[in-house]
Amino acid sequence: MHRTLADDLGRLPELLQSARDFAAREVSGLADRPVAHLGKAPGREPLPAAGTGAEGALTRFAERWAPGFSGSAGPRYLGFVTGGSTPAALTGDWLTSTYDQNVSGGGDSSAAALEHETVGWLRELFGLGEEHSGAFVSGATVSNTVGLAIAREWLGERLGVSVSREGLGALGRVDVLSGSPHSSVTKALSVLGVGRDGLRQVPVLSGNREAVDVERLAEALESLEGRPAIVVANAGTVNTVDFDDLRAVAALKERYDFWLHVDAAFGGFAALSPAYAHLVDGLDAADSVCVDLHKWLNVPYDAAVQFTRRRDLQVRVFHNASPYLGMPTGDPDFLHLTPENSRRLRALPAWFALTAYGRDGHREIVERNVALAGRLGERVATEGRLRLLAPVRLNVVCFTLAGDPSQQRVREFARAVAASGEAFVTPTSYGGTHALRAAFSNWRTSEADTDRVFDVLRRHSGT
């Protein structure tokens, strides 16, 4: 054993205390650090031949790398859909590394049972029934990929072939229909061999909407002449948080043969609030569901969950047949349910968060974020140099420059906002217009933060 490793083990309590003190300073100062860091990163250094020990590594990190990290876990980082780590979730994440469990199976640890309990809590939180089973994965992209992989196997079942055994060639043409799919869906189709061009976009509702036109969806399904298909419904589009009418889409299954996958990456959290739960009415009718947890549950990256009604097909796709692993049983180990064999205990931070704050605490976060998004939207609508592009339906404000919203001007605007260190928003395109979107999902964000965001938007809108 290298001497510095042995020394570190002997001084572990002191080292952890140093790390704890450093982390506490960083977390307590998060609201005041620059939200984004646009400066040049340090140049690469050669691999050290002799180590400095953990304390030396911490010192070097604090000097060389920490200053350039963004404040993405803070209250004014409104890019993408980014949560932060609540105190309980952070505690659970530290313990995840402490115990370092590989949750591939449940024969030697209670960790798998904890994941099952947490999945059950989340199923209840999102209004899903007992028919839905699930597992933790890394994020919405993998959750969508798992759901669509199960859907692909279902198509094979309907056509009398096993894709998991015979390959995609045995399946032939695959029809995937959706109104406003997230880019992770086309990425998943590429990974699964269906191909990005396998996605057929169905027209959406008129009047500034991103929700699928259910009548046009029915026409698209009718045109398949009985061939089974996959429908990807959206519960919260990325630009304007629009929701497909899930109940109406599911009702089409009475006339057409399709697998219903619902991408509810962050929109699924509408279920927590009585004021917005109607937006996900019908979610329980889905055959598979994607929900991302490092967004609105405010647990650390990376964490998401996938649900499905057909665990038997999930096992058929993902089972790992090996003498030392064993075949899946009636209660299959997680290594038979997801692409990973080695799996971090991602459920522990979520378990801590749900135990610490419960349904009511997370409902408060959702409702506060929605109110703050509405506050920013109202102020943007009254600022002459800005233009609100869509109603603020939930937690995303989609807007642009009122003058010439060219791609260059909008991107320069976004860069100026980021360079200020006050806020961070991400570019998009909506209705053919170059735009920006501010997504509220961080538990720390307050009215004062929202006002600071608006002030910097107004200040730089003439860029």
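Position 1 is the first residue of the sequence, and the numbers go up from there. Keep in mind that this is a model prediction, so the values were computed, not measured.
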Requested in this report: Return yes if a side-chain donor-acceptor contact under 3.5 Å exists between Asp93 and Thr96, otherwise no.
Outcome: no
Query raised in the report: So, Arg311 side chain and Pro332 main chain: donor-acceptor pair closer than 3.5 Å or not?
Result: no
Requested in this report: Could I get the full list of ring-ring contact (aromatic ring centres under 6.0 Å, His included) partners for Phe243, not counting sequence neighbours?
Outcome: none
Query raised in the report: Is it true that the side chains of Gln314 and Thr308 contain a donor and an acceptor less than 3.5 Å apart?
Result: no
Report task. Would you please classify the geometry between the Trp121 ring and the Trp351 ring as parallel, tilted or perpendicular, with 30° and 60° separating the classes? Result -> parallel
Query raised in the report: With a distance cut-off below 6.0 Å to the six-membered ring centre and an angular limit of 45° from the axis, does Arg343 pair with Phe334 as a cation-pi contact?
Result: yes
**Report entry** Check: Tyr430 side chain, Asn208 main-chain N or O, donor-acceptor pair, under 3.5 Å
**Finding:** yes
Query raised in the report: Can you tell me if Ser429 and His434 form a side-chain donor-acceptor pair at under 3.5 Å?
Result: no
Query raised in the report: Partners of Tyr357 by side-chain hydrogen bond (donor to acceptor under 3.5 Å, both in side chains), sequence neighbours excluded?
Result: none
Query raised in the report: Heavy-atom distance under 4.5 Å between the side chains of Asn369 and Trp296, does that happen here?
Result: yes
**Report entry** Pair Phe126 and Phe269, ring centroids less than 6.0 Å apart
**Finding:** yes
Query raised in the report: Do any N or O atoms from the side chain of Ser70 and from the backbone of Ala36 form a donor-acceptor pair under 3.5 angstrom?
Result: no
Query raised in the report: With distance as the sole test, does Asn298 use its side chain to make a donor-acceptor pair with the main-chain N or O of Ser441 at under 3.5 Å?
Result: yes
Requested in this report: Would you kindly say whether Ser97 and Arg344 are connected by a side-chain donor-acceptor distance under 3.5 Å?
Outcome: yes
Requested in this report: Give a yes or no on whether the backbone of Ser85 and the side-chain of Trp443 come within a donor-acceptor separation of less than 3.5 Å.
Outcome: yes
Query raised in the report: Judged by modelled atom types alone, do Asn320 and Asn341 share a side-chain donor-acceptor pair under 3.5 Å?
Result: yes
**Report entry** Residue list, side chain to side chain contact (heavy atoms under 4.5 Å, CB included) with Leu205, at least two apart or on another chain
**Finding:** Arg209, Ala211, Asp213
Query raised in the report: Aromatic rings His319 and His336: how do their planes relate, parallel, tilted or perpendicular, breaks at 30° and 60°?
Result: tilted
Query - Side chain Glu153, main chain Arg316, donor-acceptor under 3.5 Å - result: no
Query - Validation row, ring centre Phe266 to ring centre Phe80 under 6.0 Å - result: no
**Report entry** Donor-acceptor contact present, side-chain Arg152 to main-chain Val194, <3.5 Å
**Finding:** no
Query raised in the report: Any sub-3.5 Å donor-acceptor pair from Ser110's side-chain atoms to Ala113's backbone N or O?
Result: no
Query raised in the report: Would you call the rings of Tyr77 and Phe424 parallel, tilted or perpendicular if under 30° counts as parallel and over 60° as perpendicular?
Result: parallel
